[in-house]
Undergrad: 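Below you'll find the structure I mean.
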Amino acid sequence: MPELPEVETVRRGLLPALEGQTFERVEQRRLDLRFALPERFDARLQGRRVMQLSRRAKYLLAHLDDDMVLLMHLGMSGSFRIEDRFVGEFHHPRSNAPNHDHIVFHMVGGKTITYNDPRRFGFMDLVGSRDLASHKFMAQIGLEPLSGALDGARLLSLFAARKAPLKAALLDQRLIAGLGNIYVCEALHRARLSPLRAAGSLKKGEADRLASRIVEVLGEAIEVGGSTLRDHRQTDGALGYFQHSFRVYDKEGSACPTPGCAGVIQRIVQSGRSTFYCATCQG
DNA sequence: ACCAGCTCCTGCTTGC
DNA sequence: TGCAAGCAGGAGCTGG
């Protein structure tokens with residue numbers, strides 16, 4: 001599912017269709033996604049104008065002209081597509097395939113923005129802008145890695161005394177926001193650090209390296225529109241390209257790309273999720 | 001406080 | 001070819 005670079009790509013794709021634009025009508029095809037949608041979700045959006053579309057961690061935030069914020073999370077399989085006019089449900093080649101277009105935003109001017117989410121792990125909520133910071137899902141979110149504030153010193157203090165492995169600590173959204181399974185694996189490989197290391201055991205030099213590799217890999221991914229594995233598409237249907245730059249993710253059995261390293265990428269399971277790394281050069 | 005495991009859901013891939 | 005198990009980019013919740 002979308003991690004920070006994919007969500008940022010989606011944000012940029014949605015900007016022209018959403019920012020400064022007004023909801024003419026909102027078609028809500030179910031009462032829940034992962035969670036129940038707020039009461040009168042469709043009615044409360046109708047007629048509202050989007051003043052700004054921002055991102056926090058993996059959340060998209062549409063700031064409305066009535067001081068409310070539409071909060072959106074894509075979960076594992078959520079995506080948006082923009083069309084000049086709604087062309088109807090997307091029909092899968094398989095008959096009986098259920099339709100997963102759950103919400104359609106009909107904008108003034110004729111464009112439609114359709115939220116599709118087969119696994120329905122995504123969710124949306126409406127919250128007053130003054131309550132945003134204390135919102136259940138926003139309050140715990142950690143450091144924004146591209147804010148300029150992520151460096152070795154910050155990493156050291158965030159990870160101090162933590163016994164959890166680096167892999168788990170980096171996935172913890174309360175510490176650093178926006179990293180997911182792909183970019184954690186990629187950043188650890190670039191920093192030549194083992195995903196199994198206790199987070200609290202990092203030395204200053206290692207933390208410096210890790211912080212700069214995280215910023216680097218996220219930046220590179222955003223530049224090319226994120227990674228497309230299965231579901232992620234840009235809002236115009238274009239594919240991201242960063243999957244071609246993976247060094248370890250989903251590369252089990254491949255030669256380690258680190259220059260001079262004779263290792264082979266292996267897959268292990270940590271906290272029930274796949275970790276890809278090179279045991280030879282990631283000490 | 002911290003951490004591991006389970007859970008939600010659908011669909012694609014893999015292995016027998 | 002068919003079928004079932006396994007796996008997937010997230011993250012809240014529970015229980016130790």
Side-chain angles (χ1 to χ4, degrees), chain A residues 1-10 30-37 55-60 71-80 90-102 115-125 135-142 158-187 195-200 217-218 221-222 225-234 239-246 248-253 267-276:
Chain A
M1 178 323 51
E3 305 182 28
L4 188 153
E6 290 74 37
V7 176
E8 179 60 23
T9 298
V10 169
R30 31 183 321 137
L31 296 173
D32 65 305
L33 294 171
R34 177 174 179 180
F35 308 112
L37 285 158
R55 179 190 58 73
R56 173 78 170 110
K58 300 170 191 171
Y59 291 84
L60 289 169
L71 182 152
M72 300 175 277
H73 193 293
L74 303 174
M76 293 275 273
S77 59
S79 66
F80 287 100
F90 176 78
H91 292 291
H92 290 255
R94 275 174 35 200
S95 59
N96 295 335
N99 174 264
H100 299 299
D101 288 350
H102 303 307
Y115 180 69
N116 181 282
D117 187 356
R119 291 177 74 178
R120 232 182 311 125
F121 283 0
F123 49 93
M124 297 189 188
D125 202 1
H135 186 276
K136 187 178 176 184
F137 299 144
M138 290 278 108
Q140 307 276 351
I141 303 281
L158 286 171
F159 287 179
R162 293 200 176 251
K163 292 174 189 160
L166 276 178
K167 170 76 185 301
L170 289 169
L171 281 175
D172 189 337
Q173 302 298 300
R174 296 168 301 183
L175 303 177
I176 301 174
L179 293 173
N181 211 28
I182 291 178
Y183 296 101
V184 166
C185 292
E186 293 296 318
L196 300 164
R197 277 272 297 275
V217 74
L218 293 176
I222 289 172
S227 304
T228 299
L229 297 189
R230 298 164 188 83
D231 304 306
H232 172 70
R233 288 280 191 290
Q234 301 187 41
L239 306 179
Y241 276 92
F242 194 72
Q243 66 278 11
H244 302 302
S245 301
F246 290 168
V248 293
Y249 184 80
D250 206 19
K251 296 276 187 187
E252 183 180 20
R267 172 185 177 272
I268 60 172
V269 175
Q270 290 180 283
S271 320
R273 308 187 65 193
S274 292
T275 296
F276 299 91

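Every chain is numbered from 1 and lettered A, B, ... according to where its sequence line falls, protein lines coming before strand lines.
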Undergrad: What is the distance, rounded to the nearest whole Å, between atom CD1 of A:Ile176 and atom C1' of C:dG10?
TA: 17 Å
Undergrad: Roughly, in whole Å, what's the span from CG in A:Leu175 to P in B:dC3?
TA: 9 Å
Undergrad: For the pair made of NE2 in A:His102 and P in B:dC8, what is the distance, rounded to whole Å?
TA: 17 Å
Undergrad: With salt bridge (Lys or Arg N to Asp or Glu O under 4.0 Å) as the rule and sequence neighbours excluded, what pairs involving residues 169-182 of chain A come up?
TA: A:Asp172-A:Arg174
Undergrad: Are the aromatic ring centres of A:Phe246 and A:Phe276 under 6.0 angstrom apart?
TA: no
Undergrad: Under a 3.5 Å distance rule, please check whether A:Lys167 uses its side chain to pair with a backbone N or O of A:Val269 as donor and acceptor.
TA: no
Undergrad: May I have the distance from A:Asp250 (atom CG) to B:dT14 (atom C1'), rounded to whole angstrom?
TA: 13 Å
Undergrad: Counting primed atoms plus P, OP1 and OP2 as sugar-phosphate and everything else as base, spell out the protein contacts along nucleotides 11-16 of chain C at 4.0 Å heavy-atom distance: B, S or - for each nucleotide, 5' to 3'.
TA: BSS---
Undergrad: Using the P atoms only, state how far C:dC3 lies from B:dC9, rounded to an integer number of Å.
TA: 25 Å
Undergrad: Treating A:Glu8 as the side-chain partner and A:Ile222 as the backbone partner, does any N or O pair qualify as donor plus acceptor under 3.5 Å?
TA: no
Undergrad: Does OP1 or OP2 of C:dA8 have a side-chain N or O of A:Arg119 closer than 4.0 Å?
TA: no
Undergrad: Name all residues meeting the side chain to side chain donor-acceptor pair (under 3.5 Å) criterion together with A:Tyr115; count only those two or more places apart in sequence or in a different chain, and write none if there are none.
TA: A:Asp117
Undergrad: Please say which of A:Ile268, A:Leu166, A:Thr275 ends up in a side-chain contact (heavy atoms from CB on, under 4.5 Å) with A:Leu196.
TA: A:Ile268
Undergrad: Just compare C:dG10, B:dG11, B:dC3 and give me whichever is closest to any side-chain atom of A:Glu3.
TA: C:dG10
Undergrad: Applying side chain to side chain donor-acceptor pair (under 3.5 Å), can you list everything that pairs with A:Arg120, at least two apart in sequence or on another chain?
TA: none
Undergrad: Would you indicate whether the side-chain heavy atoms of A:Lys58 and A:His73 approach each other to under 4.5 Å?
TA: yes
Undergrad: Whole angstroms only, please: what is the CG-C1' distance between A:Asp101 and B:dT10?
TA: 15 Å
Undergrad: Can you give the dot-bracket line for DNA chain B, using ( ) for pairs inside the strand, [ ] for pairs that cross earlier ones, | for pairs with another strand and . for unpaired bases, where Watson-Crick and G-U count if both distances are under 3.5 Å?
TA: .|||||||.|||||||
Undergrad: Starting at CG of A:Asn116 and ending at P of B:dT10, how long is that distance when rounded to a whole Å?
TA: 13 Å
Undergrad: What's the closest nucleotide to the A:Phe121 side chain, out of B:dC9, C:dC7, B:dG11?
TA: B:dC9
Undergrad: Should A:Ser77 be listed as having a side-chain N or O under 4.0 Å from OP1 or OP2 of C:dA8?
TA: no
Undergrad: Over all strands shown, is A:Gly180 touching base, sugar-phosphate only, or nothing at heavy-atom distances under 4.0 angstrom?
TA: sugar-phosphate
Undergrad: Distance check needed: B:dT13 C1' versus A:Glu252 CD, whole Å only.
TA: 14 Å
Undergrad: Check side chain to side chain donor-acceptor pair (under 3.5 Å) between A:Ser271 and all other residues, then give those that pass, not counting sequence neighbours.
TA: none
Undergrad: Tell me which of A:Gly272 and A:Ala160 sits closer to the 5' end of DNA chain B, going by the nucleotide each one is nearest to.
TA: A:Ala160
Undergrad: Side chain of A:Arg55, backbone of A:Ala57: donor and acceptor closer than 3.5 Å?
TA: yes
Undergrad: Starting at atom NZ of A:Lys167, determine the distance to atom P of B:dG5, rounded to an integer number of angstrom.
TA: 13 Å
